[in-house]
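Here's the structure, in structure tokens; my notes come after.
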Protein chains: 2
Amino acid sequence: MGERTFGEVMRELRKGKGLSQEELAFRCGLDRTYISLLERGLRVPTIVTLFKVSEALGIRPEEFVARMNVSYQNGESG
Amino acid sequence: MGERTFGEVMRELRKGKGLSQEELAFRCGLDRTYISLLERGLRVPTIVTLFKVSEALGIRPEEFVARMNVSYQNGESG
DNA sequence: GTGTGACTTCTAGTCCGTT
DNA sequence: CAACGGACTAGAAGTCACA
């Protein structure tokens, strides 16, 4: 329960700021479709992307990471 | 001055634990030469690598990130 | 014990378009 | 406004031989 991936944290933070994926993408200098991929856990960001997204969301990277449980989607089956 | 990249932090932490690159590599399940690349700032890790290295060094990922100033080597040329 | 270049495989990240 | 697909380019992951 409550596996908090990068994407989950990002989505919550983004919605908390009332931003669309497009808006966030623009602020990060990233592609809109890539933001979507990240939120759905289909891509693993580099730390550069972590820093960019954190800054765009007005949160420190270490705080962002502190909200995560796992670095990657655990394919928990069964 | 004092630009603290991922690699710099990793090297300090590693030495602080009295580990060789080989030992750390083994603990991370990564290649020895890849650790070397990271320490010299020639690779930008994904957050999965951040988590692996942090665990191997006995530090929380958020603490690791907190010790960094920058996400990537600034090619500051004089 | 570490640095380095060369290399292959894989994936981060983009762009275009559709639903 | 977001999910999703395909095709693509840049660069990370991972390994080796040799200094």
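A, B, ... follow the sequence lines: proteins, then strands. Residue 1 opens every chain.
Put simply, CZ on A:R40 is 15 Å from C1' on C:dA12, counting in whole angstrom units. Here C:dT4 presents its C1' atom at 15 Å from CG of B:L38, a figure rounded to the nearest Å. Separating the CG atom of B:D31 from the P atom of C:dT4 is a distance of 16 Å, rounded to the nearest angstrom. One interatomic measurement links the two molecules: CG of A:L42 to C1' of D:dC4, which rounds to 10 Å at whole-angstrom precision. Remark: P of D:dA12 and CG of B:L30 are 15 Å apart, rounded to the nearest angstrom. Distance A:I35 CD1 to D:dA3 P: 11 Å, rounded to the nearest Å. As rounded to whole Å, 11 Å separates atom P of D:dA12 from atom CG of B:L37. Residue A:Y72 contributes atom OH, which lies 7 Å from atom P of C:dA12 at whole-angstrom precision.
Residues B:F26 and B:F51 are members of separate hydrophobic clusters, defined by side-chain heavy-atom contacts under 4.5 angstrom among Ile, Leu, Val, Met, Phe, Trp and Tyr. Note on B:V65 and B:V48: same hydrophobic cluster, where clusters join Ile, Leu, Val, Met, Phe, Trp and Tyr whose side-chain heavy atoms are under 4.5 Å apart, directly or indirectly. A:L19 and A:F6 fall within the same hydrophobic cluster, where Ile, Leu, Val, Met, Phe, Trp and Tyr residues are linked whenever their side-chain heavy atoms come under 4.5 Å apart, directly or through other members. Criterion: ILVMFWY side-chain heavy atoms under 4.5 Å apart, direct or through other members. Under it, A:Y72 and B:V44 are part of a common hydrophobic cluster.
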Inset, instruction - Any chance you could lay out the side-chain contact (heavy atoms from CB on, under 4.5 Å) test for A:L38 and A:M10, step after step, and finish with the verdict? - result: CA-CA 8 Å; A:L38 284 174; A:M10 182 166 82; 3.6 Å; yes
Legend entry - B:R32/B:S36 under side-chain hydrogen bond (donor to acceptor under 3.5 Å, both in side chains): CA gap, chis, key distance, verdict: CA-CA 7 Å; B:R32 185 216 110 211; B:S36 176; over 6 Å; no
Atom pairs, N/O to N/O, protein against nucleotides 7-10 of chain C, distance under 3.5 Å?
none

Nucleotides 17-19 of chain C: which of its N/O atoms have a protein N/O under 3.5 Å away?
from	atom 1	to	atom 2	distance (Å)
C:dG17	O6	A:R32	NH2	3.0

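Interface residues of residues 16-23 of chain B facing DNA chain C, ordered by number: B:S20, B:Q21, B:E22; criterion, heavy-atom separation under 4.0 Å. Across residues 47-62 of chain A, A:T49 each have a non-hydrogen atom less than 4.0 Å from an atom of DNA chain C (numbered order).
With values rounded to the nearest 0.5 angstrom, A:C28 atom SG is found 4.5 Å from A:I35 atom CD1. Separating the OG1 atom in A:T49 from the CD1 atom in B:I47 is a distance of 9.5 Å, to the nearest 0.5 Å. Taking CG of B:L50 as the start and CG of A:L50 as the end, the distance is 7.5 Å to the nearest 0.5 Å. B:K15 contributes atom NZ, which lies 12.5 Å from atom CG of B:L24 (distance to the nearest 0.5 angstrom).
A salt bridge between A:E12 and A:R4 is present, with a side-chain N of the basic residue lying under 4.0 Å from a carboxylate O of the acidic one.
Contact annotation: A:T46 side-chain N/O to C:dA12 OP1/OP2 distance is not under 4.0 Å. Using a 4.0 Å cut-off, no side-chain N or O of A:S36 falls inside it from OP1 or OP2 of D:dA2.
Side-chain contact between B:R67 and B:L13 is present, with heavy atoms from C-beta onward closer than 4.5 Å.
A:G29 comes within 4.0 angstrom of sugar-phosphate atoms only, judged by non-hydrogen atoms across all strands, and of no base.
Remark: A:E39 engages A:R11, A:R14, A:Q21 in a side chain to side chain donor-acceptor pair (under 3.5 Å) (not counting sequence neighbours).
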Under 3.5 Å, which donor-acceptor pairs link side chains of residues 56-64 of chain A to any protein atom two or more places apart or in another chain?
none

